[in-house]
Amino acid sequence: MNDQLGSWKRTHYCGDLKAGNIGEQVCLMGWVQRRRDHGGLIFIDLRDRTGIVQLALDPDRDPEAHAKADQVRSEWVVAAIGRVSPRPEGMVNPKLKTGEVEIEVSELRILNQAETPPFMLDEYTDVAENLRLKYRYLDLRRPAVQECLIMRHKVTRTVRSYLDENGFLDIETPVLTKSTPEGARDYLVPSRVNQGTFYALPQSPQIFKQLLMVSGFDRYAQIVKCFRDEDLRADRQPEFTQIDCEMSFVDRDDVIAMMEGMIARVFREALGVEVKLPMARMTYAEALDRFGVDNPDLRFGLELVDLTDIVRECDFKVFADVAAGGGLVKAINVKGGATFSRKDLDDLTGFVGIYGAKGLAWVKINADGWQSPIAKFFKDEELKAIEQALGAETGDLLLFVADKASIANEALGRLRQHLGHKLGMAKKDDYRFVWITDFPLLEWDEEEKRHVAVHHPFTAPMDEDIPLLDSDPGKARAKAYDLVLNGSEIGGGSIRIHDQAIQAKMFELLGIGEEEARAKFGFLLDALKYGAPPHGGIAFGLDRLTMLLAGTDSIRDVIAFPKTQKATCLLSEAPSPVDEKQLRELGIRLSSRARKGD
RNA sequence: GGGGCUGUAGUAGAGUCGGUUACAACGCCGGCCUGUCACGCCGGAGGUCGCGGGUUCGAGUCCCGUCAGCCCCGCCA
């Protein structure tokens, strides 16, 4: 039989008690982390979200409370009244924040019992993630997991106050909205009132925040859920949260400066880390050239070197053919990498294969020259030129990828990130920010045989590239920018098109016909006719940002109730079938395949 | 859609070459213990080896399929 809370009022949190509280009468409430029964004395580690404090129950001092403590088990919910006392000589526990004190309990109430949990809620037990997710409410009791969500709270709190201080208005946008072409697959919601039609959940509030600028709100911001029905990754969930901002009468540098200030403030208040401003910047072209990717990790070197011109005339047919065919031959120098085993090199070859590279050439620089399957194809002056370009010294390992530009860059760029981490060159508490700018506006989609927007269809071209929209649209650059931290894109945005004619031109370039543009985006095109101010903005991935601040490798760690890789919730068992009646109301009939659960 | 890793008491693991009754740890239950703090000591219970099929005299172990979780490619403006 449980005790009632009665008139008891909690006076302190467990983790807050220290030597300064000695002598005070306190009332504590929480969960039993552990009970240690010495036959006579019983110790209970009482836990709440602030930490743990030790309750001491002495049978001589209070037999009734001691008898109750005898029944108590792990994860039972108890309340205790007692006196904060210093621990006896030599009994201080330095591992505990509250280790200098303990509570001499005079009265104990069992508020609720608990079944033995399916896994131990201590810091020592490693539990399979599917079990953690099924019992997420128990998993969330663990301090390490709570820490991540507390970090998330600190981020949102800081962001909200910064944006408020800078005149941003928090305005909600619809969750039931209109499906748009371009971009990710939409989550659809059937309409009961208008059978046969569907709302879409927003991939982002993009168009609505632009409309708010047209309305004259000047600065908008929202911490908002977004939905994309695409496959999951360690850093991707189907519903995720953006810090979404938009500003009027600004250009790129204004947005960047405002947002740098916000990120610096977040790092100061959430981590105590000072970020040096202004942050570094790099063009997209430079990032690709030096690092092979548009999200470079700048904590280490290992930069890509373009050898295409050096090997153009060489006898190694693979390199020469790629160079002649307009591809790239690039390499990185792994300092001291000559110790890599044959298996290491095979693994690295497999690694670049994932990104489509057909091979990975390697050279070990030994004291007596090149050790390499391809050494024999190169003349002395070519060897020298390659060594010089890469700054090669004895003991180094040179790794080459030759392929069309997109594959050579990505494969070697990913290899660089991989090796940087594997070789311990990326320190966790080293935060290297860089803005990537001057993205291309469009890229050619081979499958669909048309241009698609690199950022999104509302991104403004650079002023000087506007004429290119007619002559050579593939060459036009965008007023777009991404913020990259240690190899992760944490945010991205752009200056938007505020001119109706340019927006219409953009749709045309994307192969969206006038009629389709009208049907899908007519309300935006109309709005742009009624005095849209120049405007632009950005959105940060709150989950990814929090991951980096919390130092975890999985986005699930910073989401209270995350979904599995198959986009299911192991706790609630969503998604699930619905009643036939619900479907009838919506005018929906399932295919026989769907009914069978194929 | 594709590639890879994992799946054995409640938990996390060991289980060799296919061979007797599937191990020890933590947790759980009972007993002892008045200064522990991942307390200690003694005893006990606890198994659909993910699931289905196959090979074999014999399968946790080998083969095929399947399910689930994770990592990755594609996908994610």
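Quick note on labels: first sequence line is chain A, next is B, and so on, each numbered from 1.
At least one side-chain nitrogen or oxygen of A/Arg556 sits closer than 4.0 Å to the OP1 or OP2 atom of B/C71. Residue A/Lys95 places none of its side-chain N or O atoms closer than 4.0 Å to OP1 or OP2 of B/C37. Between B/G69 and A/Thr564, a contact under 4.0 Å exists linking OP1 or OP2 to a side-chain N or O. The phosphate of B/C29 (OP1 or OP2) has a side-chain N or O of A/Arg73 nearer than 4.0 angstrom. Taking side-chain N and O atoms only, A/Arg34 has no distance below 4.0 Å to OP1 or OP2 of B/G27. When the side-chain nitrogen and oxygen atoms of A/Arg36 are compared with OP1 and OP2 of B/G40, none of them lie within a distance under 4.0 Å. The phosphate of B/G69 (OP1 or OP2) has no side-chain N or O of A/Arg132 nearer than 4.0 angstrom. In this structure, A/Thr116 does not reach the B/U11 phosphate: none of its side-chain N or O atoms is under 4.0 Å from OP1 or OP2. In terms of phosphate contacts, A/Gln203 brings no side-chain nitrogen or oxygen within less than 4.0 Å of OP1 or OP2 of B/C76.
A/Asp60 comes within 4.0 angstrom of a base, heavy atoms only. A/Glu102 comes within contact range of at least one nucleobase, with a heavy-atom separation under 4.0 Å. A/Val452 comes within contact range of no nucleotide atom at all, as no heavy-atom separation falls under 4.0 Å. Nucleic acid contact class of A/Gln565 (heavy atoms, under 4.0 Å, all strands): base. Across all strands shown, A/Tyr355 has heavy atoms under 4.0 Å from sugar-phosphate atoms exclusively, and none from any base. Among the heavy atoms of the strands, none lies under 4.0 Å from A/Pro117. A/Arg414 comes within 4.0 angstrom of the backbone, heavy atoms only, and of no base. Residue contacts shown for A/Asn93 include a base, since a base heavy atom lies under 4.0 Å away. Residue A/Pro88 is classed as a base contact, given a heavy-atom separation below 4.0 Å to a base. A/Ser494 comes within 4.0 angstrom of no nucleic acid atom, judged by non-hydrogen atoms across all strands. Within 4.0 Å (heavy atoms only), A/Thr459 reaches no atom of the nucleic acid at all. Within the nucleic acid shown, A/Ile42 has no heavy atom closer than 4.0 Å to any nucleic acid atom.
Both thresholds, 5.5 Å between centres and 30° between ring planes, are met by A/Phe43 relative to the base of B/U36, so the two rings are stacked.
A salt bridge links A/Arg34 to A/Asp122: at least one charged side-chain nitrogen sits closer than 4.0 Å to a carboxylate oxygen.
Residue A/Arg233 places no side-chain atom within donor-acceptor reach of the base of B/C70, judged by atom type and a 3.5 Å distance cut-off alone.
For the residue pair A/His456 / A/Arg496, a side-chain donor-acceptor distance below 3.5 Å is found, with atom types taken as modelled. Between the side chains of A/Gln33 and A/Ser74, no donor N or O sits under 3.5 Å from an acceptor N or O.
The A/Asp45 side chain lies nearest to B/C37 when the options are B/U34, B/C70, B/C37. Of the candidate nucleotides B/C76, B/C71, B/G69, B/G69 has the atom nearest to the side chain of A/Lys566.
To the nearest angstrom, P of B/C32 lies 10 Å from CG of A/Asp70. The distance from atom CD of A/Glu115 to atom C1' of B/C29 is 15 Å, rounded to the nearest whole Å.
Ring-plane geometry between A/Tyr481 and A/Trp435 is classed as perpendicular, the angle between the planes exceeding 60 degrees on a 0 to 90 degree scale with a lower cut at 30. By the 30° and 60° cut-offs, the orientation of the rings of A/Phe208 relative to A/Phe523 is tilted.
Comparing A/Lys563 and A/Asp58 by the nucleotide of RNA chain B that holds the closest heavy atom to each, the one mapping nearer the 5' end is A/Asp58.
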